[in-house]
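Take a look at the structure set out below.
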Amino acid sequence: LHSFPTRRSSDLGVCGKSYEKDEVMNVSNVHLFPGHIACDTASNSEVVIPMHKDGKVYGVLDIDSPEFSNFTSDDILILQEVVKILESIL
């Protein structure tokens, strides 16, 4: 989980773009994503889901994978349900 209280979100790779645009980002190859920040050198794909509090983006759920193109639309639906649970306890 990431929140962005002090830095410009646009400077923060996939997570920042998801936060800034308030949209799910499913990146099949992070090495081709402009501005990608490698938190894990083994990461090859990434999915990021915005989380909300009081109607505003509060942070993101960020999941990396060592496999390229690893996240399916079904994975995203499940992760969005996880985010709803997290939002309910923020």
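Numbering starts at 1 and runs along the sequence shown. As a basis for the values below, the full set of heavy atoms in this structure was taken, side chains included, without hydrogen atoms, waters or symmetry mates.
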Please list, chain by chain and in numerical order, all residues satisfying side-chain hydrogen bond (donor to acceptor under 3.5 Å, both in side chains) with Asn70, sequence neighbours excluded. Ser65
Can you list everything that forms a side-chain hydrogen bond (donor to acceptor under 3.5 Å, both in side chains) with His52? Sequence neighbours excluded, please. Asp22, Glu87
Closest heavy-atom pair and its distance - Ser45, Phe71: OG-CE1, 3.7 Å
Shared hydrophobic cluster, Leu90 / Ile49 (ILVMFWY, side-chain heavy atoms < 4.5 Å): yes
What's the separation between atom CD1 in Ile76 and atom CE in Met25, rounded to the nearest 0.5 Å? 11.0 Å
Report, one line per pair, each donor and acceptor closer than 3.5 Å where one atom sits in a side chain of residues 79-86; sequence neighbours left out.
unit_1: Glu81; atom_1: OE2; unit_2: Lys84; atom_2: NZ; d: 3.2

Which pair of non-hydrogen atoms, one from Pro50 and one from Val24, has the smallest distance, and what is that distance? CD-N, 3.9 Å
Measure the spacing between SG of Cys15 and NE2 of His36 and express it to the nearest 0.5 Å. 8.0 Å
Which heavy atom in Ser18 sits nearest to a heavy atom in Val60, and how many Å separate them? OG-CG1, 4.1 Å
Going through the checks in order, is the side chain to side chain contact (heavy atoms under 4.5 Å, CB included) test met by Phe33 and Glu46? CA-CA 10 Å; Phe33 189 90; Glu46 182 173 4; over 6 Å; no
Counting distance only, does the side-chain N/O of Asn44 pair as donor-acceptor with the main-chain N or O of Pro66 below 3.5 Å? yes
Sub-4.5 Å side-chain heavy-atom contact between Val14 and Asp62: no
What's the spacing between Ser73 OG and Asp75 CG if we round to 0.5 Å? 8.0 Å
